[in-house]
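Inspection log for the structure reproduced underneath, given as structure tokens.
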Amino acid sequence: MAFHCRMCGTCCMYLGDYIAIERQVGPYEFECESVSTGTPFTAIVDDDKREIYLDSTWLDEHPTACRFLRPSGEHILCTIHGTSPAQCKFYRCVVMRVFDSQGVLIGKVTGTLALHSDNPELRGIWEAALREIPEWSADIEARLQKVLEGHGYRVG
Ligand code: SF4
Ligand code: SF4
């Protein structure tokens with residue numbers, strides 16, 4: 001399934017402590033550390049986001065958010081997308097939505113293939129499928145989707 005980020009900013013709302021700014025080294029350039037992996041990186045505010053970056057009003061109202069997050073119209077954007085750490089760039093909050101036969105949403109799967117669902121039957125099927133399909137399988141997401149569809153779920 002292709003992942004489309006809706007630019008809602010939800011995933012960055014509590015990452016203020018995890019994307020640490022060590023020091024400012026230029027008007028729009030910062031030495032930073034991705035705390036969870038201990039990886040240093042240089043953040044440069046994207047050319048087209050400098051205007052919104054300079055207004056930190058929203059950030060004052062959201063103290064737990066990553067310091068590089070800013071609202072822009074109906075979106076909430078990463079202002080350093082070009083230089084953000086790999087785990088930010090490749091993060092996918094939902095790669096599958098699972099619906100029952102009535103079309104009711106009963107589960108969501110993240111990019112790390114973690115299933116979030118209260119449905120014990122679905123959870124059991126998911127766990128069994130993960131045990132059977134090798135982790136390194138390039139088409140693992142498509143294969144998991146097929147397993148779910150084989151059990152009568154709809155995946156979108
Ligand atoms: S990855 Fe998901 S939570 Fe994060 S901004 Fe995109 S849609 Fe929102
Ligand atoms: S660097 Fe960008 S993508 Fe990563 S947490 Fe901060 S705002 Fe989100």
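Whatever order the structure lists them in is the order used to number ligands and atoms, beginning at 1.
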Going by atom types alone, do Asn119 and Ser117 pair a side-chain donor with an acceptor below 3.5 Å? no
Side chain to side chain, Thr42 and Glu29, heavy atoms closer than 4.5 Å: yes
Residues in side-chain contact (heavy atoms from CB on, under 4.5 Å) with Gln102, at least two apart? Asp100, Val104
Tested for side-chain contact (heavy atoms from CB on, under 4.5 Å) against Val147, the lone hit among Glu149, His151, Arg143 is His151
Which label fits Tyr53 and Phe30: parallel for a plane angle under 30°, tilted from 30 to 60°, or perpendicular past 60°? tilted
Hey, which atoms in ligand 1 end up nearer than 4.0 Å to a heavy atom of Phe3? 1 (S)
How far is atom 7 (S) of ligand 1 from its nearest protein heavy atom, and which residue and atom name does that atom have? Arg6 N, 3.3 Å
Can you find a heavy atom in the side chain of Gln87 that is under 4.5 Å from one in the side chain of Tyr18? no
Which protein heavy atom lies closest to atom 1 (S) of ligand 2, and at what distance to 0.1 Å? Ile80 CD1, 3.7 Å
Checked atom 8 (Fe) of ligand 2: protein N, O or S atoms closer than 2.8 Å come out as Cys12 SG
So do Phe68 and Thr83 actually touch side chain to side chain, heavy atoms under 4.5 Å? no
Any idea which of Cys8, Gly111, Cys93, Cys5 brings a heavy atom closest to atom 2 (Fe) of ligand 1? Cys93
Below a 4.0 angstrom heavy-atom separation, can you tell me which part of Phe90, side chain or backbone, both or neither, approaches ligand 1? neither
Is any side-chain N of the basic residue among Glu74 and Arg6 closer than 4.0 Å to the acidic one's carboxylate O? no
